[in-house]
Amino acid sequence: MAFSVQSGASGAATAALPTRPVTQPALSASASAAAAATKPNIVFVLTDDMSSNLLPYMPQVQKLQSQGTSFSDFVVSNSLCCPSRSSIFTGEYPHNTGVLSNEGPNGGFKAFHDNGLEKDTFAAALKAKGYRTAMMGKYLNGYDPRSTVDGQQPYVPQGWSQWDVVGNGYPEYNYKLAHNHTMEPHGKKNKDYLTDVLSKKGQSFIKKSAAANKPFMLEVALFTPHGPSRPARRDKKDFPGLKAPQGPAFDKLPTNAPPWLARQNPLTRSEKNTIDKKFRKRAQSLQAVDKMLGKLRQTLTRAHVVDKTYVVFSSDNGFHLGEYRLKAGKQTAFDTDVRVPLVIAGPGVAAGRTSHAQVSNIDFAPTFEKIGGAAVSSRVDGHSMLPLLDGGSAAGWRTANLIEHRHAQQAPDDPDNHGTESISPPNYHAMRTNSYTYVEYDSGAKEYYHLRTDPEELHNIAGRLSRARLAKLHTALTGLKSCQGDGCWSAGHP
């Protein structure tokens with residue numbers, strides 16, 4: 001069953017749904033259920049720290065690409081887990097969510113909860129429109145199912161019909177999963193491998209939702225390929241001898257590198273060997289994720305809902321491994337860290353197409369809400385991607401995305417603390433377009449990379465720009481980093 005895409009008065013697109021004259025009597029319960037069942041479903045698979053160079057090792061994702069639309073310039077608002085995921089849930093930039101790091105007074109689950117953002121997620125909006133909503137896997141850094149929050153233990157935020165969430169799932173074994181308000185202990189047997197457990201739960205949720213004739217939204221948020229990148233035991237010997245890609249930026253500093261980066265020494269042979277091992281484990285750990293994606297889509301087909309389900313695959317941020325002499329980590333404004341995979345297939349979505357529109361993770365929430373027929377809050381900074389999915393032009397779409405970063409000392413138990421391997425740059429704001437990346441540090445340092453002539457971002461030419469050009473860039477970036485709601489759409493057209 002196909003769904004067309006229509007534009008409303010605001011210009012944002014929504015899935016076309018049956019309407020009825022207001023003079024008709026109220027629908028019966030069975031008729032209401034049938035009307036609800038016409039709403040499209042959403043299955044959202046979100047990986048953790050997945051860089052684009054891992055796509056060649058995921059055949060199910062490649063199959064999804066052939067049947068849907070890929071976005072070549074999908075950029076995250078902050079290349080760190082919790083700020084990025086907060087933007088995904090709400091459609092707001094970090095400077096508006098107030099979630100600027102993984103922990104501390106302005107970071108993590110505590111900041112998200114204390115800032116009252118749980119009522120503003122796409123889940124809350126969709127549930128209010130009659131959707132069954134399920135959150136599975138990783139929620140936000142600092143969430144612990146064992147903790148009591150608002151009198152609940154485990155705590156389940158509003159907006160979610162089903163809750164299957166783990167606090168520390170990075171090891172993939174020996175964890176406790178919060179199944180709604182009860183705890184499920186899992187050990188170290190093969191059947192306990194977390195990605196496989198989430199796969200089965202996701203399949204069950206799809207089957208039950210389809211059988212109940214209810215529209216549904218399922219998010220499966222993985223802990224992989226985030227370190228320690230533990231693969232399922234069946235995949236531990238995959239890709240023997242695989243080495244990390246060594247492109248032009250590998251072990252090379254950009255010219256006129258900013259001070260924090262210019263201090264990096266060339267990689268040693270030992271460090272390069274470690275990078276190779278990490279990359280191989282990352283590829284191995286994603287095999288279970290790829291298999292899960294295939295099984296979820298197979299379940300949609302068997303439940304006869306595949307034709308009215310959007311399947312979305314992406315990552316919360318990218319990852320560098322050796323590029324620019326940086327070992328393992330993220331948080332920079334380089335494309336390695338901020339430009340990540342995004343593939344969408346579903347009703348009316350153009351197959352085998354690549355869009356070059358400047359989309360961002362702030363666009364997930366309004367897209368999902370438009371799919372479900374929910375009103376998009378005036379607080380949302382993003383825009384529905386539906387007009388881009390049917391093969392339409394990107395003309396009129398925003399031309400610039402904002403990237404934010406706040407330097408923070410990482411605690412020893414922060415999963416994103418890779419010890420001496422990981423570096424958190426100084427505070428910066430950046431603006432990325434299809435032709436350049438411009439970065440301003442609080443210190444006054446600047447970077448400018450011309451992506452059309454220097455796609456590897458190896459030549460910082462900020463010092464060669466005229467005062468007038470720098471002034472225009474500064475004005476445009478200032479508009480983005482202070483924007484709110486609809487103002488972010490106009491600010492995204494510098």
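In what follows, every heavy atom counts, from backbone to side chain, and hydrogens, waters and symmetry copies are set aside.
Remark: the T332 side chain and the D337 side chain contain an N/O donor-acceptor pair separated by less than 3.5 Å. A donor-acceptor contact closer than 3.5 angstrom is absent between the side chains of Q60 and D290. Residues S77 and S87 have side chains that bring a donor and an acceptor to within less than 3.5 angstrom of each other. No side-chain donor-acceptor contact under 3.5 Å links N317 and S84. In this structure, a donor-acceptor pair under 3.5 Å is present between the side chains of D164 and H179. Side-chain N/O atoms of R282 and S51 include a donor and acceptor closer than 3.5 Å. H407 and S101 are not linked by any side-chain donor-acceptor pair at a separation below 3.5 angstrom, with hydrogens and angles left out of the test. Side-chain contact, E271 with N273: no donor N or O sits under 3.5 Å from an acceptor N or O. Residues T90 and D120 have side chains that never bring a donor and an acceptor to within less than 3.5 angstrom of each other. Judged purely by distance below 3.5 Å, without hydrogens or angles, the side chains of T268 and S270 never pair a donor atom with an acceptor atom.
Scanning for salt bridge (charged side-chain N to carboxylate O under 4.0 Å, His left out) contacts around D114 gives K110, with sequence neighbours left out.
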Notebook entry, point to check: Could you go step by step and tell me if H493 and T399 meet the side chain to side chain donor-acceptor pair (under 3.5 Å) rule?
Noted result: CA-CA 5 Å; H493 291 81; T399 58; 5.8 Å; no
Checklist line | CA sep, side-chain torsions, deciding dist, call: T47, H226, side chain to side chain donor-acceptor pair (under 3.5 Å) | finding: CA-CA 8 Å; T47 55; H226 190 294; over 6 Å; no
Next item on the list: Could you walk me through whether Y143 and K138 pass side chain to side chain donor-acceptor pair (under 3.5 Å), step by step?
Entry: CA-CA 9 Å; Y143 172 83; K138 177 179 177 179; over 6 Å; no
Next item on the list: Please lay out, stage by stage, how M50 and L55 fare under the test side chain to side chain contact (heavy atoms under 4.5 Å, CB included).
Entry: CA-CA 9 Å; M50 182 181 163; L55 282 173; 3.7 Å; yes
Margin query: Quick one, T97 with S86, criterion side chain to side chain donor-acceptor pair (under 3.5 Å). Give me CA distance, side-chain angles, the key distance, then yes/no.
Written below: CA-CA 7 Å; T97 65; S86 298; 5.2 Å; no
Next item on the list: Would you please test N434 and H356 for side chain to side chain contact (heavy atoms under 4.5 Å, CB included) and show each step?
Entry: CA-CA 8 Å; N434 65 350; H356 304 295; over 6 Å; no
Margin query: Run the side chain to side chain contact (heavy atoms under 4.5 Å, CB included) test on F109 and C82 for me, step by step, so that the C-alpha distance in whole Å, both residues' side-chain angles and the decisive distance to 0.1 Å come before the verdict.
Written below: CA-CA 8 Å; F109 161 70; C82 203; 5.8 Å; no
Item checked: side chain to side chain contact (heavy atoms under 4.5 Å, CB included) between V43 and F216, worked out -> CA-CA 8 Å; V43 173; F216 59 87; 4.0 Å; yes
Margin query: Under the criterion ring pair (Phe, Tyr, Trp, His ring centres under 6.0 Å), I'd like the reasoning laid out for F89 against Y139: C-alpha separation, chi angles, the key distance, then a yes or no.
Written below: CA-CA 10 Å; F89 281 131; Y139 182 46; 5.5 Å; yes
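Contact check for Y93 versus C488: side-chain heavy atoms found under the 4.5 Å cut-off. By the 4.5 Å heavy-atom criterion applied to side chains, T336 and L326 are not counted as neighbours. A heavy-atom distance below 4.5 Å is not found between the side chains of P426 and S443. Proximity of P145 to Q153: side-chain heavy atoms (C-beta onward) are nowhere separated by under 4.5 Å. Between F368 and M217, the closest side-chain pair of non-hydrogen atoms falls below 4.5 Å. Counting heavy atoms from C-beta on, the side chains of L389 and F71 come closer than 4.5 Å. Proximity of T69 to L388: side-chain heavy atoms (C-beta onward) are nowhere separated by under 4.5 Å. Taking the side chain as every heavy atom from C-beta outward, M431 and N401 never approach each other to under 4.5 Å.
Using a 4.0 Å cut-off between charged side-chain N and carboxylate O, R85 and D48 make a salt bridge. The pair R432-D335 meets the salt-bridge criterion, since a charged nitrogen lies less than 4.0 angstrom from a carboxylate oxygen. We find that R398 and D363 are joined by a salt bridge, their nearest charged nitrogen and carboxylate oxygen being less than 4.0 Å apart. By the 4.0 Å N-to-carboxylate-O rule, E92 lies close enough to R379 to be salt-bridged with it. With salt bridges taken as basic N to acidic carboxylate O contacts below 4.0 Å, one links K272 and D251.
Within 6.0 Å of CZ in R469 there are more than 12 heavy atoms belonging to other residues, nucleotides or ligands. Counting heavy-atom neighbours within 6.0 Å of K119 NZ, excluding the residue itself, gives a total above 12.
Of all the heavy atoms in V338 and S79, the pair that sits closest is CG1-CB, 4.0 Å. Considering every non-hydrogen atom in both N265 and R325, the closest pair reads O-CD, 3.4 Å. The minimum heavy-atom distance between E118 and Q158, with the atom names listed, is O-CG, 3.7 Å. When all heavy atoms of A288 and D196 are compared, the pair lying nearest together is CB-OD1, 4.0 Å. Residues A357 and W397 share a closest heavy-atom pair of CB-CD1, 3.9 Å.
Taken to the nearest 0.5 Å, the CG atom of D235 stands 14.0 Å off from the CZ atom of R230. The CG atom of L177 sits 7.0 Å away from the CG atom of L198 when rounded to the nearest 0.5 Å. The OG atom of S378 lies 10.5 Å from the CG atom of D381; values are rounded to the nearest 0.5 Å. One finds the CE atom of M58 at 13.5 Å from the NZ atom of K291 (value rounded to the nearest 0.5 Å). Of the inter-residue distances, the one linking L286 atom CG with L222 atom CG reads 8.0 Å to the nearest 0.5 angstrom. Here the CG-CG distance, from L100 to L80, works out to 10.5 Å after rounding to the nearest 0.5 Å.
Taking the centre of each ring, F364 and F44 come in below the 6.0 Å mark. Note: Y438 and Y449 fail the aromatic proximity criterion, with ring centroids not under 6.0 Å apart. Aromatic pair H181/W163: centroids not less than 6.0 angstrom apart. Under the 6.0 Å cut-off for aromatic ring centres, Y436 and H450 do not qualify, their centroids lying 6.0 Å or more apart.
Classification of the Y173-Y193 ring pair by plane angle, with boundaries at 30° and 60°, yields tilted.
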Atom pairs and distances, donor-acceptor, side-chain atoms in residues 256-263, under 3.5 Å, two or more places apart:
{"from": "N256", "atom 1": "ND2", "to": "N460", "atom 2": "O", "distance (Å)": "3.2"}
{"from": "W260", "atom 1": "NE1", "to": "Y441", "atom 2": "OH", "distance (Å)": "2.9"}
{"from": "R263", "atom 1": "NH1", "to": "P259", "atom 2": "O", "distance (Å)": "3.4"}

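Side chain of E369 to backbone of A374: no donor-acceptor contact under 3.5 angstrom is found. Without hydrogens or angle criteria, Y170 side chain to S229 main chain gives no donor-acceptor distance under 3.5 Å.
The only member of D73, T433, T437 that meets side-chain contact (heavy atoms from CB on, under 4.5 Å) when paired with L451 is T437.
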